[in-house]
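Here's the structure, in structure tokens; my notes come after.
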Amino acid sequence: FTLRLEVRLRTMHHLDKATRDGVYHLFEDTAEPDPSVVDLNSNLAEFDECAATTLAAPERRYVRPSLRKRSPDTSTRRFIFEGLSLLMDHLLISNSRYIRLANTFGLSKMLRNILALQQNLKNIGDAPLEVNFERSRKFWEVFGKGPQVRFLLLSQTRGLRLAQEMLEAIRAGTISYEFEDYKSLLNLMCEIDQSAKDDPSSAGGESGGGGDRSRRMYNEYLIDLFA
């Protein structure tokens with residue numbers, strides 16, 4: 001259980017850094033995931049190798065009593081990483097509130113983060129792990145809905161339109177996340193600087209009539225989100 005907890009603490013630390021310190025408002029596409037995700041994958045691979053070479057034979061054969069009937073081959077090494085994808089999937093959504101700004105190139109980077117984590121987990125442990133990032137992938141695809149998402153920066157007008165589409169999808173019940181997660185998406189779509197989201201001047205990143213319109217529409221969408 002100590003090893004299992006250690007792996008989860010490392011995961012939380014690195015994914016927190018990937019969102020708090022990572023840059024997702026980019027001016028060109030990047031072929032690599034965030035450096036903190038790369039570090040996490042390396043950490044997990046090294047941890048798995050260490051567990052494989054240092055755990056005594058009885059420990060490698062240990063099976064939790066609750067799993068003996070269902071999975072007689074479940075080992076301690078597998079138990080260390082079991083369910084880790086669920087934690088990662090949750091953090092990739094809930095930590096969206098720590099991302100300052102994002103655009104379509106940043107979306108591509110986030111999807112690469114998800115893919116890199118998924119592929120790494122599939123190669124860890126002495127038995128195949130259940131790996132599922134569908135919920136976080138769909139969450140970020142909501143942000144990126146629209147034509148040519150990978151090639152065009154989100155204009156202010158498109159961001160507001162996508163925010164409206166998200167609210168309609170919530171009402172229709174086609175997407176389901178926590179309120180704070182929806183709010184983070186709304187902030188990112190409307191180009192709200194989440195490091196200063198209590199400052200009205202940060203809405204839309206403009207001054208003058210266009211900025212006033214963006215702030216007004218953002219406030220209306222936020223009211224709809226509360227409803």
Side-chain angles (χ1 to χ4, degrees), residues 1-22 24 32-99 107-144 174-182 184-185:
F1 286 97
T2 301
L3 297 176
R4 182 178 168 93
L5 179 60
E6 174 69 19
V7 164
R8 278 149 182 75
L9 290 174
R10 292 189 187 195
T11 297
M12 294 169 68
H13 168 71
H14 285 288
L15 292 187
D16 188 72
K17 283 192 65 178
T19 47
R20 289 182 187 269
D21 300 337
Y24 294 89
E32 299 295 328
D34 189 84
S36 293
V37 170
V38 175
D39 289 344
L40 173 59
N41 281 343
S42 297
N43 255 249
L44 293 178
E46 291 172 3
F47 201 95
D48 181 47
E49 183 178 352
C50 181
T53 56
T54 59
L55 283 176
E59 291 175 314
R60 290 200 299 269
R61 291 197 298 270
Y62 171 76
V63 180
R64 282 190 297 164
S66 61
L67 291 178
R68 280 176 184 150
K69 292 183 180 180
R70 290 184 302 158
S71 306
D73 296 327
T74 301
S75 66
T76 299
R77 185 175 162 205
R78 176 190 168 96
F79 172 64
I80 292 170
F81 300 99
E82 193 176 42
L84 192 58
S85 75
L86 295 177
L87 174 62
M88 291 178 174
D89 197 42
H90 170 75
L91 292 173
L92 289 165
I93 297 171
S94 64
N95 284 7
S96 62
R97 68 199 68 180
Y98 303 132
I99 296 176
L107 169 64
S108 295
K109 179 180 176 181
M110 180 58 73
L111 294 177
R112 286 192 177 90
N113 290 346
I114 295 172
L115 181 61
L117 292 167
Q118 178 176 303
Q119 290 177 335
N120 189 59
L121 281 181
K122 287 182 177 179
N123 295 318
I124 280 178
D126 52 358
L129 295 169
E130 291 184 13
V131 179
N132 189 343
F133 287 85
E134 192 65 19
R135 186 169 168 79
S136 57
R137 185 179 293 105
K138 286 183 177 179
F139 176 83
W140 285 104
E141 285 175 353
V142 171
F143 172 72
T174 56
I175 58 174
S176 178
Y177 297 95
E178 298 296 326
F179 170 78
E180 289 298 328
D181 302 330
Y182 287 131
S184 296
L185 271 184

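Values reported hereafter were calculated over all heavy atoms of this structure, with side chains retained and with hydrogens, waters and symmetry mates removed. Given the structure is predicted, the values throughout are model-derived calculations rather than measurements.
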pair Leu92-Leu117: side-chain heavy atoms closer than 4.5 Å: yes
Partner residues of Glu6 under the salt bridge (Lys or Arg N to Asp or Glu O under 4.0 Å) criterion, sequence neighbours left out: Arg10
Tell me, do Lys17 and Asp39 make a side-chain contact under 4.5 Å, heavy atoms counted? no
Ser136: what forms a side-chain hydrogen bond (donor to acceptor under 3.5 Å, both in side chains) with it, not counting sequence neighbours? Asp89
Sorted by chain and number, sequence neighbours left out, side chain to side chain contact (heavy atoms under 4.5 Å, CB included) with Ser85 holds for Leu121, Val131, Phe133
Does any part of the side chain of Ser96, heavy atoms only, come nearer than 4.5 Å to the side chain of Phe139, both counted from C-beta? yes
With sequence neighbours left out, what residues match Glu134 under side chain to side chain contact (heavy atoms under 4.5 Å, CB included)? Asn132, Arg137, Lys138
Which distance, rounded to the nearest 0.5 Å, do you find between the CG of Leu87 and the CG of Leu15? 7.5 Å
Using side-chain heavy atoms (C-beta onward) and a distance below 4.5 Å, is Leu111 in contact with Leu115? no
How would you list, by chain and number, every residue that makes a salt bridge (Lys or Arg N to Asp or Glu O under 4.0 Å) with Asp21, sequence neighbours excluded? none
Mind checking salt bridge (Lys or Arg N to Asp or Glu O under 4.0 Å) for Arg8 and listing every partner two or more places apart, or none if nothing turns up? none
Taken in chain and number order and not counting sequence neighbours, the residues that satisfy side chain to side chain contact (heavy atoms under 4.5 Å, CB included) with Asp16 are Arg20, Asn95, Tyr98
Gap separating the CD atom of Glu180 from the OG atom of Ser184, nearest 0.5 angstrom: 6.5 Å
In Å, rounded to the nearest 0.5 Å, how long is the span from CD1 of Ile124 to CG of Asp48? 5.5 Å
I'd like to check the side chain to side chain contact (heavy atoms under 4.5 Å, CB included) partners of Ser94; sequence neighbours left out, ordered by chain and number. His90, Leu91, Arg97, Asp181
To the nearest 0.5 angstrom, please state how far the CG atom of Leu107 sits from the CZ atom of Arg112. 10.0 Å
Distance (rounded to the nearest 0.5 Å) between Asn113 CG and Ser108 OG: 11.0 Å
I'd like to check the ring-ring contact (aromatic ring centres under 6.0 Å, His included) partners of Phe81; sequence neighbours left out, ordered by chain and number. none
